[in-house]
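Here is the structure we will look at.
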Amino acid sequence: MEPKDNRASILTCALELFAAQGYDAIGVREICSAAGVTKPTLYHYFGSKRGVLETLVQERGAPLLARVQQAAAYAGDLRQTLRTLVLTYFGFADAAPTFYRLLLGLWFAAPNHDAFQVVARFNEQQHQVMEALFNAAAHDHGNMRGRQRIYAATFLGMINTYVGLALNGYLELTETHALQAVQQFSYGIYS
């Protein structure tokens with residue numbers, strides 16, 4: 001029998017608790033109880049509850065950021081790039097629905113909130129990737145110039161709305177919905 005991986009257990013249990021009940025509703029005691037560890041064990045690995053959240057966002061979010069950066073490489077076909085990005089987010093949300101639910105919950109927290117501050121850098125990194133895409137596309141689509149920042153925010157918001165609806169059972173994250181999302185978004189940016 002292999003020894004228990006306390007660090008991994010803490011992260012898994014914290015993710016499930018944070019996503020289900022909210023970051024503020026969960027204390028160190030609940031995380032430790034769910035993970036079957038003591039408080040000193042959690043503090044050894046993460047230093048605090050915020051440290052647990054920081055590690056979750058960094059470690060579980062890194063694969064999404066890497067995939068998004070790759071998908072956002074603009075090669076002259078904006079619709080195809082947008083489609084690839086939507087499908088990248090949809091695929092990640094399908095594979096990691098609990099983590100994505102946590103991200104969505106923290107996305108709209110108050111700016112001075114501890115949890116928002118943890119996720120703010122991750123959100124900004126996503127936004128920067130999108131803004132860079134729209135900056136590159138503006139060379140081919142002059143009507144986009146000066147609007148890159150708002151396009152990035154709007155596009156991410158639309159993706160997150162679709163994912164949120166899917167996580168709550170209102171739709172499935174299919175290629176058809178990805179194409180629909182791109183078409184809806186494209187209508188606004190090309191007009």
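Side chains of Thr84 and Thr81: a donor-acceptor N/O pair is absent below 3.5 angstrom, by distance only. With hydrogens and angles left out, the side-chain atoms of His44 and Thr41 include no donor and acceptor closer than 3.5 Å.
A donor-acceptor pair is defined here as one N or O able to donate and one able to accept, closer than 3.5 Å; no such pair exists between the side chain of Lys49 and the backbone of Ile31. Between the Arg101 side chain and the Leu167 main chain, a donor and an acceptor come within less than 3.5 Å of each other.
Between Leu53 and Phe46, every side-chain heavy-atom pair lies at or beyond the 4.5 Å cut-off. At a threshold of 4.5 Å between non-hydrogen side-chain atoms, the residues Gln148 and Tyr151 do not count as touching.
Residue pairs that meet the side chain to side chain donor-acceptor pair (under 3.5 Å) test with at least one member in residues 57-73, sequence neighbours left out, are Arg7-Glu59. Contacts classified as salt bridge (Lys or Arg N to Asp or Glu O under 4.0 Å) and involving residues 154-182 (residues at least two apart or in different chains) are given here: Arg83-Glu175. Pairs engaging residues 15-26 under the salt bridge (Lys or Arg N to Asp or Glu O under 4.0 Å) rule: none recorded [sequence neighbours left out]. Residues in residues 113-129 take part in these salt bridge (Lys or Arg N to Asp or Glu O under 4.0 Å) pairs, two or more places apart or across chains: Arg50-Asp114. Listed by first and then second residue, the salt bridge (Lys or Arg N to Asp or Glu O under 4.0 Å) pairs that reach into residues 128-139 are Glu131-Arg149, sequence neighbours excluded.
Remark: Ser33 engages no residue in a side-chain contact (heavy atoms from CB on, under 4.5 Å) (not counting sequence neighbours). Every ring pair (Phe, Tyr, Trp, His ring centres under 6.0 Å) that Tyr23 has, sequence neighbours left out, goes to Phe18. Residues that satisfy the side-chain hydrogen bond (donor to acceptor under 3.5 Å, both in side chains) test with Thr88, not counting sequence neighbours, are absent from this structure. Annotation: salt bridge (charged side-chain N to carboxylate O under 4.0 Å, His left out) contacts of Asp94 (sequence neighbours excluded): none. Under the rule for a side-chain hydrogen bond (donor to acceptor under 3.5 Å, both in side chains), Asp77 has no partner lying at least two apart in sequence or in another chain. Remark: Ala35 engages Ser9, Ile10, Cys13, Val37 in a side-chain contact (heavy atoms from CB on, under 4.5 Å) (not counting sequence neighbours).
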Show every donor-acceptor pair shorter than 3.5 Å between a side-chain atom in residues 152-163 and any protein atom, with sequence neighbours excluded, or say none if there are none.
unit_1	atom_1	unit_2	atom_2	d
Thr154	OG1	Ile150	O	2.8
Asn160	OD1	Tyr100	OH	2.5
Asn160	ND2	Leu156	O	3.4
Thr161	OG1	Gly157	O	2.9
Tyr162	OH	Gln184	OE1	2.8

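Distance check: Leu103 CG to Leu64 CG gives 7.5 Å after rounding to the nearest 0.5 Å. Met130 contributes atom CE, which lies 12.5 Å from atom CD of Gln125 (distance to the nearest 0.5 angstrom).
Following chains of ILVMFWY side-chain contacts shorter than 4.5 Å, one cannot reach Val68 starting from Leu87, and the two form parts of different hydrophobic clusters.
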Practice problem: Quick one: do Tyr74 and Gln80 satisfy side-chain hydrogen bond (donor to acceptor under 3.5 Å, both in side chains)? Show the steps, please. | Solution: CA-CA 9 Å; Tyr74 179 67; Gln80 180 58 38; over 6 Å; no
Practice problem: May I have the step-by-step check of side chain to side chain contact (heavy atoms under 4.5 Å, CB included) for Phe122 and Leu106, ending in yes or no? | Solution: CA-CA 11 Å; Phe122 181 75; Leu106 298 177; over 6 Å; no
Exercise. Report the C-alpha separation of Asp140 and Leu78 in whole Å, then their side-chain angles, then the decisive distance to 0.1 Å, and conclude whether the side chain to side chain contact (heavy atoms under 4.5 Å, CB included) test is met.
Key: CA-CA 9 Å; Asp140 296 331; Leu78 183 58; over 6 Å; no
Practice problem: Show the numbers, then the answer: is there a side chain to side chain contact (heavy atoms under 4.5 Å, CB included) between Val52 and Ser48? | Solution: CA-CA 7 Å; Val52 173; Ser48 64; over 6 Å; no
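Nearest approach of Ala71 to Leu85, heavy atoms of both residues: CB-CD2, 3.8 Å.
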